[in-house]
Visitor: 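Sharing a structure, written as structure tokens. Questions coming.
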There are 2 protein chains.
Amino acid sequence: MAHAIDYEKYTAQEQQLAVFAKALGHPARVAILQKLTEFDSCCHGSLASELPIAPSSVTQHLKALKNAGLIQGRIEPPQIKYCINKENWEKAKLHFSAFFKD
Amino acid sequence: MAHAIDYEKYTAQEQQLAVFAKALGHPARVAILQKLTEFDSCCHGSLASELPIAPSSVTQHLKALKNAGLIQGRIEPPQIKYCINKENWEKAKLHFSAFFKD
DNA sequence: TTAGTTGTTCGTAAAAATACGAATTATTGG
DNA sequence: CCAATAATTCGTATTTTTACGAACAACTAA
């Protein structure tokens, strides 16, 4: 595992902010999150139809956002509805505002 | 250039936020920025001595932050002093706060 | 059951990010 | 000039990210 980020060598704050920031570090993921904050919940298809990337790529980005804790999905046949994870969203908001405060 | 992010397919806001976020997406860069906001200006060496990575890696991260517009350096023999690019820092702050506002 | 819709997984390829050490540049002090 | 200091550049290895299409799974509706 050489040459990967070794998060353990940094403070918990540095780690957490970096994880959230990394999740926001792609314009497609920014667009997804904006849509989810605007519409409260969306299925994969309605996100994919507005993004300039393939459906399978959208799935990858959704997974990245999920891993960072920023979104969650619930099955609602025939679709899967994705929405903001409000608890972690608030956490991210606080991390960023603390970082830029001064 | 296949399989790289095609920023042009996204809105200016999505692009800009993603660029800033990507720059914050590594704990070492978060640590560097925190130190620069705390101490106003630092040389490469004093940053490197507090980070768990090699000096040449610190240079790489400084370059990434510079490319994103978040820091700038000025020669002040025998050192190079790095500091926050206040104009873009403010811009980043506004982008993030707008993003999380709702 | 069959066909259609929805979304994911998988494999793969290309590119970027991460990290390091060695060598290099540039400047200062003796 | 020569040595020391400060930091970068360069080359390289490894890992991660990005992207796509094909195949697959799951559920619905006819």
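Order of the sequence lines sets the chain letters (A, B, ...), proteins ahead of strands, with each chain counted from 1. These numbers were taken from a predicted model, which means no experiment stands behind them.
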Visitor: Whole angstrom is fine here: how far is it from NE2 in B:H44 over to P in D:dA6?
Guide: 11 Å
Visitor: Without decimals, in angstroms, what is the distance between B:E76 CD and D:dA7 C1'?
Guide: 15 Å
Visitor: Going by heavy atoms in the side chains, are B:V30 and A:L17 under 4.5 Å from each other?
Guide: yes
Visitor: What pairs with B:S57 under side-chain contact (heavy atoms from CB on, under 4.5 Å), at least two apart in sequence or on another chain?
Guide: B:I53, B:A54
Visitor: Would you say that A:V19 contacts A:N67 through its side chain, given a criterion of any heavy-atom pair below 4.5 Å between the two side chains?
Guide: no
Visitor: When you check every protein heavy atom under 4.0 Å of nucleotides 19-30 of chain D, what one-letter string (B, S, -) results, 5' to 3'?
Guide: BBB-----SS--
Visitor: Please list, chain by chain and in numerical order, all residues satisfying side chain to side chain donor-acceptor pair (under 3.5 Å) with B:E76, sequence neighbours excluded.
Guide: B:R74
Visitor: Which donor-acceptor pairs under 3.5 Å do side chains of residues 4-13 of chain B form with protein atoms, sequence neighbours excluded?
Guide:
from  : atom 1 : to    : atom 2 : distance (Å)
B:D6  : OD1    : B:E8  : N      : 3.4
B:T11 : OG1    : B:E14 : N      : 3.1
B:T11 : OG1    : B:E14 : OE1    : 3.3

Visitor: Once side chain to side chain donor-acceptor pair (under 3.5 Å) is applied, do any residues pair with B:K35, and if so which ones, sequence neighbours excluded?
Guide: B:E50
Visitor: Reading DNA chain C from 5' to 3', where do the contacts with chain A start and stop? Cut-off is 4.0 Å to heavy atoms.
Guide: C:dT6 to C:dA19
Visitor: When all nucleic acid strands are considered with a 4.0 Å heavy-atom cut-off, which category describes B:K81: base, sugar-phosphate, or nothing?
Guide: nothing
Visitor: How many angstroms lie between atom CZ of B:R29 and atom CD1 of B:I32, to the nearest 0.5 angstrom?
Guide: 8.0 Å
Visitor: Hey, are the side chains of A:I84 and A:L36 touching, using non-hydrogen atoms and a 4.5 Å cut-off?
Guide: yes
Visitor: Do B:N85 and B:L70 have side-chain heavy atoms sitting under 4.5 Å apart?
Guide: no
Visitor: Calculate the interatomic distance between B:R74 atom CZ and D:dA6 atom P; express it in whole Å.
Guide: 17 Å
Visitor: Under the side-chain contact (heavy atoms from CB on, under 4.5 Å) rule, collect the residues that match up with A:Q60, sequence neighbours excluded.
Guide: none
Visitor: Return the CZ to CG distance between A:F20 and A:L65, rounded to the nearest 0.5 Å.
Guide: 11.5 Å
Visitor: Please list residues of residues 13-21 of chain A whose heavy atoms come under 4.0 Å from any atom in DNA chain C, ordered by number; otherwise none.
Guide: none
Visitor: Any residue in residues 62-71 of chain A with a heavy atom nearer than 4.0 angstrom to DNA chain D? Just list them by number, or reply none.
Guide: none
Visitor: Nearest 0.5 Å please: distance from the CD1 atom of A:I71 over to the OG atom of A:S41.
Guide: 11.5 Å
Visitor: What residues in residues 29-41 of chain B put a non-hydrogen atom under 4.0 Å from any atom of DNA chain D?
Guide: none
Visitor: With ring-ring contact (aromatic ring centres under 6.0 Å, His included) as the rule and sequence neighbours excluded, what pairs involving residues 53-90 of chain B come up?
Guide: A:F99-B:W89, A:F100-B:W89, B:H26-B:H61
Visitor: Return no unless some side-chain N or O of A:K22 is found under 4.0 Å from OP1 or OP2 of D:dT16.
Guide: no
Visitor: Sort and list the pairs that fulfil ring-ring contact (aromatic ring centres under 6.0 Å, His included) and have at least one residue in residues 28-50 of chain B, not counting sequence neighbours.
Guide: none
Visitor: Are the side chains of B:Q72 and B:C83 in touch, meaning some heavy atoms are under 4.5 Å apart?
Guide: yes
